[in-house]
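Okay, structure first, notes after.
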Amino acid sequence: MLTLASKLKRDDGVRGPRASNPASDSTRRVSVRDKLLVKEVADLEANLPCTCKVNFPDPNKLHYFQLTVTPDEGYYQGGKFQFETEVPDAYNMVPPKVKCLTRIWHPNITETGEICLRSGSSALRNLNVLGAGKGMNSLLREHSIDGTGWAPTRTLKDIVWGLNSLFTDLLNFDDPLNIEAAEHHLRDKEDFRNKVEDYIKRYAR
């Protein structure tokens with residue numbers, strides 16, 4: 001992380017206050033993103049839930065990281081669930097893109113990795129994550145039908161804490177993205193649990 005921070009500092013010094021060839025809008029936008037990420041990543045790592053681990057494959061590319069959530073309670077206890085997050089150039093005016101890489105039987109995550117995290121925790125009220133179909137209220141959507149979509153005041157810490165809570169207090173069967181999983185839970189909770197555990201054994205070890 002310090003490598004990128006040092007690089008940004010050096011770049012600022014090289015450009016100076018009166019650079020004769022101003023960068024393009026795109027380059028300036030990336031620079032703003034990277035400066036934000038240096039601060040946000042430091043904050044995230046200092047406040048990471050004990051059930052989460054963040055990995056940056058390239059420490060000079062803070063805009064791409066992998067998150068592992070290992071729930072210690074509930075239906076998904078014992079599984080290891082991988083997410084990837086990519087932060088676009090226009091951050092923080094647009095939201096990061098998040099996908100679940102682990103196949104899972106979950107009412108708010110499809111088997112192909114789309115995610116919808118609805119509000120429901122007082123600590124994370126109105127926190128929602130990328131979804132499709134039903135569940136159109138989403139923190140990682142630029143616009144949501146109830147006005148609680150992405151806002152520049154959100155940070156990477158909000159996203160990671162929200163994903164972590166997706167396995168506990170933000171688990172939502174009432175407004176599902178994966179309707180089949182929610183109906184399965186309504187129909188037969190024990191069989192739902194058995195299928196969750198089967199998926200953990202097959203895909204989340």
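All values derive from a computational prediction rather than experimental measurement.
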Heavy atoms from other residues, nucleotides or ligands near NZ of Lys195 exceed 12 (cutoff 6.0 Å): yes
Heavy-atom neighbours of Gln66 CD exceed 12 at 6.0 Å: yes
Stepwise side-chain hydrogen bond (donor to acceptor under 3.5 Å, both in side chains) check, Thr51 with Asn164: CA-CA 7 Å; Thr51 51; Asn164 183 62; 2.5 Å; yes
Judged by atom type as modelled, is there a donor-acceptor pair below 3.5 Å linking the side chain of [X] to the main-chain atoms of [Y]?
{"X": "Arg103", "Y": "Ile200", "result": "no"}
{"X": "Asn108", "Y": "Asn172", "result": "yes"}
{"X": "Ser165", "Y": "Thr168", "result": "no"}
{"X": "Thr68", "Y": "Gln82", "result": "no"}
{"X": "Gln77", "Y": "Asp72", "result": "yes"}
{"X": "Asn47", "Y": "Asp43", "result": "yes"}
{"X": "Arg33", "Y": "Val87", "result": "yes"}
{"X": "Tyr91", "Y": "Pro152", "result": "no"}

Would you say the side chain of [Y] lies within less than 4.5 Å of the side chain of [X], judging by non-hydrogen atoms?
{"X": "Thr85", "Y": "Tyr64", "result": "no"}
{"X": "Arg193", "Y": "Trp105", "result": "no"}
{"X": "Phe65", "Y": "Asn55", "result": "no"}
{"X": "Leu37", "Y": "His63", "result": "yes"}
{"X": "Val160", "Y": "Leu44", "result": "yes"}
{"X": "Asp34", "Y": "Leu62", "result": "no"}

Centroid-centroid under 6.0 Å between His106 and Phe81 rings: no
Phe192/Phe173 aromatic ring centres below 6.0 Å: yes
Candidate pair His185 and Tyr75, rule side-chain hydrogen bond (donor to acceptor under 3.5 Å, both in side chains), full reasoning: CA-CA 11 Å; His185 178 267; Tyr75 285 116; 2.9 Å; yes
Worked verdict on Tyr199 versus Glu111 for side-chain hydrogen bond (donor to acceptor under 3.5 Å, both in side chains): CA-CA 10 Å; Tyr199 270 45; Glu111 292 188 73; 2.7 Å; yes
Which atom of Leu177 lies closest to which atom of Glu114, heavy atoms considered: CD2-O, 3.6 Å
